There are 2 protein chains.
Amino acid sequence: MITVLTDRQKKILQLIIDDYIETAEPVGSRTIARKYNLGISPATIRNEMSDLELLGYLEQPHTSAGRIPSAAAYRLYVDSLSKGDSLGLSPNDMALINSWYKERVHSIDDIFQSTAKILSRMSKNVSVVLANKDSQSSFSYMKFLPLNAHQAILCIVTEEGNVDHGVVEIPAGMKQEEMERLAERVSRFLNGKKLNDITNDLLNEVREAIAGDKSLYVSIINGIKKVKAAQQENKMFLGGTKQLLNQPEFKDTERMRELLGVLEEEQMLKDMLMAGKDSGLKVTIGSENKFSGIQDCSMIQATYRLNGQVVGTLAVLGPTRMEYRKVISVMDYLHNYLKVVMNKIDEK
Amino acid sequence: MITVLTDRQKKILQLIIDDYIETAEPVGSRTIARKYNLGISPATIRNEMSDLELLGYLEQPHTSAGRIPSAAAYRLYVDSLSKGDSLGLSPNDMALINSWYKERVHSIDDIFQSTAKILSRMSKNVSVVLANKDSQSSFSYMKFLPLNAHQAILCIVTEEGNVDHGVVEIPAGMKQEEMERLAERVSRFLNGKKLNDITNDLLNEVREAIAGDKSLYVSIINGIKKVKAAQQENKMFLGGTKQLLNQPEFKDTERMRELLGVLEEEQMLKDMLMAGKDSGLKVTIGSENKFSGIQDCSMIQATYRLNGQVVGTLAVLGPTRMEYRKVISVMDYLHNYLKVVMNKIDEK
DNA sequence: TATTAGCACTCGAAACTTTAGAGTGCTAAC
DNA sequence: GTTAGCACTCTAAAGTTTCGAGTGCTAATA
């Protein structure tokens with residue numbers, strides 16, 4: 001269908017979308033005529049609506065009801081949004097956000113948690129914040145820190161300043177200096193290597209190269225593997241499950257159950273978010289979504305980078321009827337906020 | 001009311017509780033007579049029920065309905081349970097639990113998450129797992145690990161083998177050896193002190209004692225504070241929000257909203273759990289609960305210790321109609337399971 | 001030709017009514 | 001003390017009715 005809409009059609013469609021997003025009720029021709037006076041009679045609007053339905057932009061739940069926007073209509077709307085339509089948050093909302101951020105921020109995790117909460121409150125939907133650590137960091141060196149007679153702490157340091165550690169048993173009879181030499185040799189071997197490039201084969205080489213105590217070797221290997229895992233882990237923060245109850249579309253318990261199910265599958269959620277991480281802002285409407293369980297939902301997702309690296313993903317999940325414009329504005333604002341905060345923390 | 005129930009009354013009350021827990025429907029005299037044959041007519045049961053209602057153990061939603069157990073009835077039931085009534089899980093359930101645990105366990109956190117999931121599945125209610133780190137650990141020493149020309153990593157080690165770390169700026173002109181000496185002096189000063197005992201006053205003493213570079217001092221202090229915070233943090237894992245939808249008592253959206261609200265207030269939940277941490281097993285029924293929002297719910301909570309220290313709390317939150325016996329059995333089983341798993345990890 | 005008033009028609013939501021049945025309490029008999 | 005019998009109660013479910021918002025079509029109008 002490559003028909004271009006007339007300006008009046010666009011206008012009417014827009015009003016219907018706005019009204020429906022606000023009220024969640026099918027919109028009738030009279031409503032449009034009354035609420036927004038277009039200098040046009042309901043009958044005319046009716047005719048236009050009929051056309052819009054034929055074009056696939058409107059749907060009728062049943063004959064004697066008003067009409068609701070189709071997925072295609074939202075698509076059109078969202079696309080037109082991104083084309084320059086100036087976003088922007090009301091000063092009121094900004095103030096709210098700022099005050100919410102001040103509530104409780106002790107750690108980095110708190111910031112993410114707060115962000116999720118704020119995002120859900122502003123969007124009146126469920127929010128997900130994914131803090132990515134899909135890091136390209138490189139091995140710098142390792143070291144043993146003394147703990148007691150039988151145990152030591154294996155510390156592994158990356159060039160980016162991340163540290164991971166674990167307790168290892170000291171093999172009977174091994175001296176402190178010997179361990180230090182061992183650590184140094186392994187360090188030299190792996191220094192500068194990207195963690196992703198430290199494969200099992202490489203670790204085997206290490207084994208041969210150091211040819212030291214076997215149990216210690218196992219500890220070292222485990223330690224390195226653990227660092228790798230920790231570096232690649234990404235943390236997820238959920239907010240606003242409660243909001244589901246406010247959305248009329250979830251009065252139907254079955255739909256709610258489905259979405260809650262998705263939210264409980266942490267791995268699936270992560271996959272969903274990772275799938276959209278390449279484009280900065282991604283809006284997935286209804287059946288555009290490939291993951292089962294949320295195919296009658298929409299997802300707005302924004303991925304942010306720092307020096308080319310994905311550092312975080314914000315997402316809002318809800319019914320297709322969503323305040324797209326507002327949510328996108330909020331995300332934009334949060335992004336800027338986070339940038340500032342993160343930098344401050346970096347400085348510390 | 002210090003009336004002792006006759007054996008028959010106890011029996012009948014028990015049956016009513018059982019039936020109600022299973023069906024969530026008010027129980028009538030005929031149902032009891034038919035389902036469990038007591039060699040007694042419905043009329044007789046009716047008389048007894050009438051008495052039990054007077055004694056406060058039963059309630060009638062309305063005249064022409066059956067009766068449901070009161071909070072007092074559950075209390076009686078639960079108390080009788082703990083008095084030796086042999087608990088025990090069906091082999092079937094045990095097998096289920098074991099298989100669920102095998103699904104995905106990479107880290108310690110996964111274990112807790114799985115535990116929450118299992119607990120919620122078995123109880124058909126929301127579960128909370130609190131991993132306590134209310135630790136009594138002591139400062140052992142600190143050390144600077146080199147990172148680059150301008151930064152170093154401050155590592156703080158406790159006697160228990162916990163390590164925390166952070167990046168600090170190296171003051172201009174300060175040499176590696178100088179920093180090492182500084183670390184050694186602070187270490188000597190704080191060595192062996194319980195983290196809880198490291199107050200601001202003590203930190204001030206440190207400041208005077210080391211009288212070194214000011215910015216480095218600030219970094220050190222912050223580092224120590226961070227370790228303290230990290231050590232005392234306790235992590236919470238939630239499971240089975242979805243389960244709420246299965247419980248008929250939450251058909252009423254308002255009740256659901258309340259409970260979800262509580263679940264989103266992490267701090268409040270923690271407080272609730274901490275409040276019951278002294279007794280090993282605590283069952284709070286309905287209005288016994290002092291926290292608002294869950295006063296028509298029950299909470300079953302079990303706190304576990306290792307060497308006298310609280311290490312974890314399992315809890316199930318749900319309507320007063322709950323499978324108390326089963327939940328307690330499951331908790332018991334999970335506890336034993338966790339003990340084994342944790343020990344294995346310790347050994348690693 | 002585009003717009004609009006007018007009107008018959010549709011259909012769901014809400015209000016109301018009816019019905020069925022589960023449960024009770026009481027009384028009188030066993 | 002127990003129980004059969006029965007009148008009475010009250011809810012949930014099913015069935016009606018009513019109301020109104022909304023439509024589509026037609027014919028008049030600009």
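Computed from a predicted model, the values in this text were never measured in an experiment. Proteins get letters first, then strands, A, B, ... in listed order; numbering begins at 1 in each.
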Got a salt bridge between Glu258(A) and Arg255(A), using NZ or NE/NH1/NH2 to carboxylate O under 4.0 Å? no

Expressed in angstrom and rounded to an integer, what is the separation of Met49(B) atom CE from dC26(C) atom C1'? 17 Å

Can you tell me the distance, in whole Å, between the CD atom of Glu48(A) and the C1' atom of dA2(C)? 10 Å

Please determine whether a side-chain nitrogen or oxygen atom of Ser29(B) lies at a distance below 4.0 Å from atom OP1 or OP2 of dG23(C). no

May I ask you to evaluate whether Arg67(B) reaches the phosphate of dT24(C), defined as a side-chain N or O under 4.0 Å from OP1 or OP2? yes

Donor on one side chain, acceptor on other, Tyr36(B) and Asp18(B), under 3.5 Å: no

Nucleotide nearest Thr63(B) (side chain, heavy atoms from C-beta), chosen from dT9(D), dT23(D), dT11(D): dT9(D)

Selected nucleotide, minimal atom distance to Ser50(B) side chain, candidates dT3(C), dT24(C), dG25(C): dG25(C)

I need the CG-P distance between Asp51(A) and dG24(D), as an integer number of Å. 10 Å

For dG23(C) and Thr31(B) - does any side-chain N or O of the residue sit under 4.0 Å from the phosphate oxygens OP1/OP2? yes

Base dG23(C) paired with Arg30(B) side chain (donor-acceptor, <3.5 Å): no

Looking at dT4(C), dC26(C), dA4(D), which one has an atom nearest to any side-chain atom of Ser41(B)? dA4(D)

Using atom CD1 of Ile68(A) as one end and atom C1' of dG22(D) as the other, report the distance to the nearest whole Å. 15 Å

What integer distance in Å separates Gln60(B):CD from dG23(C):C1'? 8 Å

For the side chain of Arg8(A), starting at C-beta, report the closest nucleotide among dC10(D), dT24(C), dT3(C). dT3(C)

Which heavy atom in Ser29(B) sits nearest to a heavy atom in Arg46(B), and how many Å separate them? OG-NH1, 3.3 Å

Just how far, in rounded Å, is C1' of dT3(D) from CG of Leu38(B)? 15 Å

Assign each of Arg34(A) and Pro42(B) the nucleotide of DNA chain D bearing its closest heavy atom; nearer the 5' end lies the nucleotide of Pro42(B)

Find the distance Asp19(A):CG to dG22(D):C1' and express it as a whole number of Å. 14 Å

Could you tell me whether Asp7(A) and Lys11(A) make a salt bridge, using a distance below 4.0 angstrom between a side-chain N and a carboxylate O? no

Option from Gln301(A), Met322(A), Met299(A), Gln243(A) for which side-chain contact (heavy atoms from CB on, under 4.5 Å) with Leu317(A) holds: Met299(A)

Tell me which of Pro26(A) and Asn47(A) sits closer to the 5' end of DNA chain D, going by the nucleotide each one is nearest to. Pro26(A)

Would you say dT2(D) has OP1 or OP2 under 4.0 Å from some side-chain N or O of Arg46(B)? no

Measure the distance from NE2 on His62(B) to P on dG23(C) and round it to the nearest whole Å. 10 Å

